Amino acid sequence: MTTMTDPPKASFQLSMLIYDTRYRSYTFQFIALVLLMLLLGYLGANLVSNLAAQGQNISFDFLSSPANYDINQRPIEYDSQSSHLRASVVGVINTLIVAFLGCATATVFGVTAGVLRLSPNWLVRKLMAFYVEIFRNIPVLIWILIIFTVMTAVMPAPNQFRGENPDASMLFDAFAFTNRGVYVPAPVWGPGSLVVVLTFLASVIGVFAYRRYATKLLYDTGRLLPMGWPSLVILFVPTVLIYFVLGQPISLAYPALKGFNFDGGLHIRGSLIALWFALAIYTGAFIAENVRAGIQAVSKGQTEAAASLGLRPKRIMNLVILPQALRVIIPPLISQYLNLTKNSSLAIAVGYMDVTGTLGGITLNQTGRAIECVLMLMLFYLTISLAISAIMNVYNNSIKLKER
Amino acid sequence: MKKTVFLGALTVAGLAAGASAAATLDDVKARGKLNCGVTTGLVGFAAPDANGVWEGFDVAVCRAVAAAVLGDGNAVEFVPTTGKTRFTALASGEIDMLARNTTWTFSRDTDLKFDFVGVNYYDGQGFLVPKSLGVSSAKELDGATVCIQTGTTTELNLADFFRANNISYEPVPIETNAEGQQQYLAGACDTYTTDASGLASTRAAFENPTDHVILPEIISKEPLGPLVRHGDNDWGDIVRWTFYALVAAEEMGITSANIGELSAAPGANPEINRILGTEGELGAMIGLDNEWAKRAISVGGNYGEIFEKNIGEKTPIGLARGLNAQWTQGGIMYAPPFR
C-alpha cells in the first residue's frame, strides 16, 4: 500500500534568503540597489553641502531672466531680450534640425555605400571600402573641423562678388556659395499659398492610396496597374493646376549682395553645413557596414530560390533580400541615429548654436549655473535619445519576422 | 575591490572639495607652487615664449604673487583657461588665482562668489576691421558679420550696442582668440570684436598689421583684473596688496634698478620704507615676512615697467598708457596708502 503524502510544505526561513537559490539572486539585487541608492544619496548630499559651503544653491530662476545675447540661426522668434529658456529652446530646435538632416543624409549615404560595397564591379566595391574605412576611422570632430576650415578658406568671401569684374559669381544668379555659408532662394508665401500646400499634401496621401489600391487589386484579381506615371500625375498635376488658378501665390526671393552680406533668400550657414555634412558622412560609413552585414546575413539560398522563380536581380533585391535584411539592419541603425544626435553636441567647435552652445555654453557661462544647465542638458539628450529609440522600435516591430 | 577604490576616491574628493574653501595660503606654501589661471595665449598678456616660458602682463601678476608668498617668481604653475573654463577652474580650487583679462562685473563678484582684488588694466570693447572694408565708425556696421568670443562679457555688450543703435548684425561665435583671428583673416566675418587691448595684441600677430584698423568707438567699460575665490579674505588680501605694491612702487619711483639700493637701509620716504619692509611690520599683517613686496617688485619691476615691457608703445602690441597711467600722470591707477 502506498501512501500519498504531500511534500512537506517548507516554511520560509530567513536563512533561505542566502542559501536558497530561488531567493538568493533577489537578495543580492536588493543589496546592490540599496548600495546604489546610498551612493547616489551621498553624492547628492555632498554636492548640496559643498554648494552651501560656497554660498550657492540649486535654482532654476535664471531661466526666466533675459538672455542678453544674440543667436545667429533663429528658427523661432528670438532677440537678446528673450529669456534664457527661449534661448535654450532655440538651441534645442537647432539641435533637432541638424540631427534630422544628418540622420536622413547619413541613411542615404550609408545605404548607397553599403549596397555598392557588394557590387560585382571591382572599382566601385573598392571605392566604397575606401570611403567606409577612411571616414569611420578618423574622429568626427576632425571631420567637422576639416570641412569647416576648407569651406572658410576655399570659398570666396561675400565682398569678392562685388564690382565690375568680381572674382566670384553666383550660380544661375540664384545660389551664392560664400565662406559664410550658402545662400539659396527662399519661397515667399503669398495669400492663397496655404491652399497650394494643402493640395500638395492631399496629393501625397492620394499617391499612397492609389498604390495601396493597386497592390490590393494585384493580390485580389491579378491585374497589374501601372505604378510609375500615375503616381507622378497624382503628385504634381493638381498642385500645379491650383498654383496657376490662384495666380502663382508662391514666389521665390533671390539672395542679393546688399551691404556687407547677401540679403534675401535662405542663408544656410557654413557651421550648419560643416556639422551636417561631417556627421552624415561619418555616420554614413557606419551605416554602410550595417547595411552590408544585413544583406550578407540573408542566406545565398534566398537569392538562388528567387532567381529560380524567374525574378530579375533588381526585384530579388527589393522583394526578397532587403525586407529580410532590414530585420538585421534596423537595430544597429537605431544606435547610429542616437550616436549622430549626440555627436551633434560637437557643434560649438564650428560655432553652430545648438543646445550645448546656448544652454550649455553661453547661458551656463553668463549665469554661472553649471549644475542646473548640465542637468537640463542631460535631461534633453536623454529624452531625445529615448524618443528616437521608441520611434525606431515601432518601425522595427512592424518589419520584424512575424511568427504565426 | 575596484568598487572600494572608487568609493574611497569619491570620499577623498568630497573631503578635499570641502576643505579647499579656506586657507589657500597654507595650501600654496605646502605645495611650493602657485597655481595661476591665465589665457590659452594672448600675446603680451599671457603667452609662452619660444622656450615655453610664460610671459606677459597678466603673467607678471602671477609671478609677483608667487615671489611674495614663496620667494620665487618662477614657482608658478600656469593653467591655461578659456573664457568658458576659467570660472569653474577657480571655483573648484584647481587654480589659486585667475589673472586672465577678466572683466570685473557685479554678478561675477557677487553671484559667482569671486573677489576681484583690483584692476590691472582699464579696457573697453572695440572693433577691428580691414581697411579695405571702408568703415570708419562702428555705427556703420549695419548687417555686418561679427566674430565674437563666446562666454565673455563682450558678447553681451555687442548685443546691447547693436540694439541701442537699432542696427542688425550676424554673430559668429568662436571659442578662442586664435580661432577668431583665423575666421577674421579668411573674411568669414567682417569685423572681430573683443577688448581693445586684445585687438591690438591680435593685430600685432598679423602678417600686415597696418591693413587693419581698430574703430574709434569703445562700446563698454572693461576693467580687467585678477580675482580669487570668495570666502578666503586673507588670501584675497595678499593678492590685492601684492598688486598694489607694484602700482605704488611706480608712483614712489621704486624700479627694478634701484630696489636693491632702496631696500638696503631705511631712506627718507617713510612709505617706501614701509613697502620695502625696512620700517614697520606690514608683512606680518598679511601673514608674510617683511620683504614680500620687495621680492614681488624685484621679479618684473613696478607696474609701469611691466606695462612697458609687455604691452607698451615700444612693443609690437603698442598700447598707450591712457587710463592706465598713474593718477599723478592723468590716469586712474591709484594704489591705496601703505600704512
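Nothing here was measured: the structure is a model prediction, and the numbers come from that model. Chain letters run A, B, ... following the sequence lines, proteins first and then strands; every chain starts at 1.
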If you count every heavy atom of other residues, nucleotides or ligands that lies below 6.0 Å from [X] atom [atom1], does the total exceed 12?
| X | atom1 | result |
| --- | --- | --- |
| B:Trp235 | CH2 | yes |
| A:Tyr78 | OH | yes |
| A:Phe60 | CZ | yes |
| B:Lys139 | NZ | no |

Is there side-chain contact between B:Glu179 and A:Val350, with at least one heavy-atom pair below 4.5 Å? no
Below 4.5 Å from any heavy atom of chain B, which atoms of [X] appear? Answer side chain, backbone, both or neither.
| X | value |
| --- | --- |
| A:Gln81 | side chain |
| A:Met353 | side chain |
| A:Phe62 | neither |
| A:Ser271 | neither |
| A:Ile71 | backbone |

With rounding to the nearest 0.5 Å, note down the distance linking [atom1] in [X] to [atom2] in [Y].
| X | Y | atom1 | atom2 | value |
| --- | --- | --- | --- | --- |
| B:Glu175 | A:Ile348 | CD | CD1 | 5.5 Å |
| A:Asp79 | B:Ser168 | CG | OG | 13.0 Å |
| A:Asn365 | B:Thr85 | CG | OG1 | 9.0 Å |

Of all heavy-atom pairs between [X] and [Y], which one has the smallest distance, and what is that distance?
| X | Y | result |
| --- | --- | --- |
| A:Thr367 | B:Asp111 | O-OD2, 3.7 Å |
| B:Ala159 | A:Ser80 | CB-CB, 3.8 Å |
| B:Pro173 | A:Asn72 | CD-ND2, 3.7 Å |

Among the listed options [options], the residue most often paired with chain A at heavy-atom distances under 4.5 Å:
| options | value |
| --- | --- |
| B:Ala188, B:Gly143, B:Ser132 | B:Ala188 |
| B:Thr150, B:Leu133, B:Thr145 | B:Thr145 |
| B:Leu141, B:Val172, B:Thr153, B:Ile174 | B:Leu141 |

Does the B:Arg108 side chain pair with the main chain of A:Gln366, one donor and one acceptor, at a distance under 3.5 Å?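 Pair absent, no side-chain N/O of B:Arg108 close to backbone of A:Gln366.
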Where does [X] contact chain A at under 4.5 Å (heavy atoms): side chain, backbone, both or neither?
| X | value |
| --- | --- |
| B:Leu158 | neither |
| B:Asn157 | neither |
| B:Glu140 | backbone |
| B:Tyr169 | side chain |

Could you check A:Thr152, A:Thr149, A:Asn179 and say which one makes a side chain to side chain contact (heavy atoms under 4.5 Å, CB included) with B:Gln183? A:Thr152
Pair A:Arg269 + B:Glu170, salt bridge at N-O below 4.0 Å: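 Yes, charged N to carboxylate O under 4.0 Å.
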